[in-house]
Amino acid sequence: MITRLNHVAIAVPDLAEAAACYEALGAKVSEPQNLPEHGVTVVFITLDNTKIELLHPLGDGSPITGFLDKNPSGGIHHLCFEVEDIADALARLGECGIRVLGDGKPKTGAHGKPVLFAHPKDFQGALIEFEQE
Ligand SMILES: CC[C@H](C(=O)O)C(=O)SCCNC(=O)CCNC(=O)[C@H](O)C(C)(C)COP(=O)(O)OP(=O)(O)OC[C@H]1O[C@@H](n2cnc3c(N)ncnc32)[C@H](O)[C@@H]1OP(=O)(O)O
Ligand SMILES: [Co+2]
């Protein structure tokens, strides 16, 4: 079952500049984390009730390069919801005819937990990530 909002992800053209804005507002900002298996570098901003995930392309073939080409100033990229059971979420998405991106199997995300992405065209135009709680 879907439980809580884990993070809101924003793709940014300049990670250091974006992180500095949140630091200036007094937020807790993580060090950049390279995720080559996901083709991104991420910085997490920890808030009281959720996180902001700042994303920047890492290497060739990053899945977010196209998004930044279309949105050169950056933009909200995806929402991540926590689920009690990622396998159950995978099954439920399939029952609803919602395509799961990649090879359709969970991958390990930035928090070291299994994650899935649903195709935005099947989810009211929004890219939704599911993370095992
Ligand atoms: C997992 C590690 C970390 C974590 O939190 O733990 C992360 O979150 S890593 C985040 C980066 N990884 C991903 O986003 C993986 C899933 N994403 C993808 O596979 C691609 O981004 C994809 C397939 C959603 C889009 O890729 P691309 O833009 O190259 O493809 P298209 O141009 O063909 O797009 C198809 C269609 O989708 C629309 N689109 C693209 N991105 C988004 C978005 N973020 N939100 C909503 N819609 C999106 C795009 O405009 C196309 O629509 P169309 O009407 O055909 O133009
Ligand atoms: Co994410």
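As the structure lists them, so they are numbered: ligands from 1, and atoms in each ligand from 1. Computed from heavy atoms alone, side chains included, the values below leave out hydrogens, waters and symmetry copies.
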Task: His7 near the Co ion (ligand 2): N/O/S under 2.8 Å - done: yes
TODO: Would you mind naming the N, O or S atom of Glu53 nearest to the Co ion (ligand 2)?
DONE: OE1
TODO: Starting from atom 6 (O) of ligand 1, locate the nearest protein heavy atom and write down its residue, its atom name and how far away it is, to 0.1 Å.
DONE: Ala110 N, 2.8 Å
TODO: Do me a favour and list the nearest non-hydrogen protein atom to atom 44 (N) of ligand 1 with residue, atom name and distance?
DONE: His77 O, 2.8 Å
Open item on the list: Starting from atom 3 (C) of ligand 1, what is the nearest protein heavy atom, named by residue and atom, and what distance separates them?
Closed with: Glu53 OE2, 3.5 Å
Task: ligand 1 to Glu129 polar contact by distance, N or O atoms, under 3.5 Å - done: yes
Task: Between CG on residue Asp14 and OG on residue Ser73, distance to nearest 0.5 Å - done: 12.0 Å
Open item on the list: Ignoring hydrogens, what is the shortest heavy-atom contact between Leu15 and Pro32? Give both atom names and the distance.
Closed with: CD2-CB, 4.5 Å
Open item on the list: To check you understand the geometry: which heavy-atom pair defines the closest contact between Cys80 and Glu131, and what is its length?
Closed with: SG-CB, 3.7 Å
Task: Minimum-distance protein heavy atom relative to atom 22 (C) of ligand 1 - done: Leu101 CD1, 4.5 Å
Open item on the list: So which atom in Ile45 and which in Ala27 form the shortest heavy-atom distance, rounded to 0.1 Å?
Closed with: CG2-CB, 3.5 Å
- [ ] Considering heavy atoms of the protein only, find what lies nearest to atom 11 (C) of ligand 1 and give residue, atom and distance to 0.1 Å.
- [x] Ile64 CG2, 3.8 Å
TODO: Show your reasoning for whether side-chain contact (heavy atoms from CB on, under 4.5 Å) applies to Glu37 and Lys107.
DONE: CA-CA 9 Å; Glu37 68 281 14; Lys107 279 187 168 176; 6.0 Å; no
TODO: Ignoring hydrogens, tell whether any protein atom lies closer than 4.0 Å to atom 14 (O) of ligand 1; use the non-hydrogen atoms only.
DONE: yes
Open item on the list: Side-chain heavy atoms nearer than 4.5 Å, only ILVMFWY residues, links allowed to pass through others: does that put Leu35 and Leu55 together?
Closed with: yes
Open item on the list: Heavy atoms only, cut-off 4.0 Å: how does His78 contact ligand 1, side chain, backbone, both, or neither?
Closed with: side chain
Open item on the list: Considering non-hydrogen atoms of the protein only, which is the closest contact for atom 34 (O) of ligand 1, and what is the distance?
Closed with: Lys70 NZ, 4.5 Å
TODO: Find out if a path of hydrophobic residues (ILVMFWY) with successive side-chain heavy-atom gaps under 4.5 Å connects Leu90 to Ile86.
DONE: yes
- [ ] Verify the contact flag for atom 40 (C) of ligand 1, where contact means a protein heavy atom under 4.0 Å away.
- [x] no
TODO: Could you tell me whether Lys121 and ligand 1 have an N or O pair separated by under 3.5 Å?
DONE: yes
TODO: For ligand 1, find out whether one of its N or O atoms is nearer than 3.5 Å to an N or O atom of Pro120.
DONE: no
- [ ] Heavy-atom contacts with Gly125 under 4.0 Å: which atoms of ligand 1 show up? List them by number with element.
- [x] 46 (C), 47 (N)
- [ ] Using a 4.0 Å heavy-atom cut-off, say whether His111 meets ligand 1 through its side chain, its backbone, both or neither.
- [x] neither
Task: Which atom of Leu54 lies closest to which atom of Val12, heavy atoms considered - done: CD2-CG1, 4.2 Å
TODO: Classify the angle between the aromatic ring planes of Phe44 and His111 as parallel (below 30°), tilted (30 to 60°) or perpendicular (above 60°).
DONE: tilted
- [ ] Check whether Val42 and Ile52 end up in the same hydrophobic cluster, where Ile, Leu, Val, Met, Phe, Trp and Tyr are linked by side-chain heavy atoms less than 4.5 Å apart.
- [x] no
Task: Glu129 backbone or side-chain N/O/S under 2.8 Å from the Co ion (ligand 2) - done: yes
TODO: Would you mind checking which non-hydrogen protein atom is closest to atom 42 (C) of ligand 1, with the distance to 0.1 Å?
DONE: Phe67 CD1, 4.1 Å
- [ ] May I ask you to check if any N/O/S atom from His78 comes under 2.8 Å of the Co ion (ligand 2)?
- [x] yes
TODO: For Cys80 and ligand 1, answer yes if some heavy atom of the residue is under 4.0 Å from a ligand atom, otherwise no.
DONE: no
Open item on the list: Quick test: of every protein heavy atom, which one is nearest to atom 25 (C) of ligand 1, and how far off is it to 0.1 Å?
Closed with: Pro63 O, 4.6 Å
Open item on the list: Can you give me the closest heavy-atom contact between Glu84 and Thr3, atom names plus distance?
Closed with: CG-CG2, 3.7 Å
- [ ] Check the pair His78, Glu53 against side chain to side chain donor-acceptor pair (under 3.5 Å), reporting the backbone distance first and the verdict last.
- [x] CA-CA 9 Å; His78 65 270; Glu53 180 183 62; 3.1 Å; yes
TODO: For His7, counting its heavy atoms only, list the atoms of ligand 1 lying under 4.0 Å from any of them.
DONE: 5 (O)
TODO: State, to 0.1 Å, how close His56 and Ile64 come at their nearest heavy-atom pair, and which atoms those are.
DONE: C-CD1, 3.7 Å
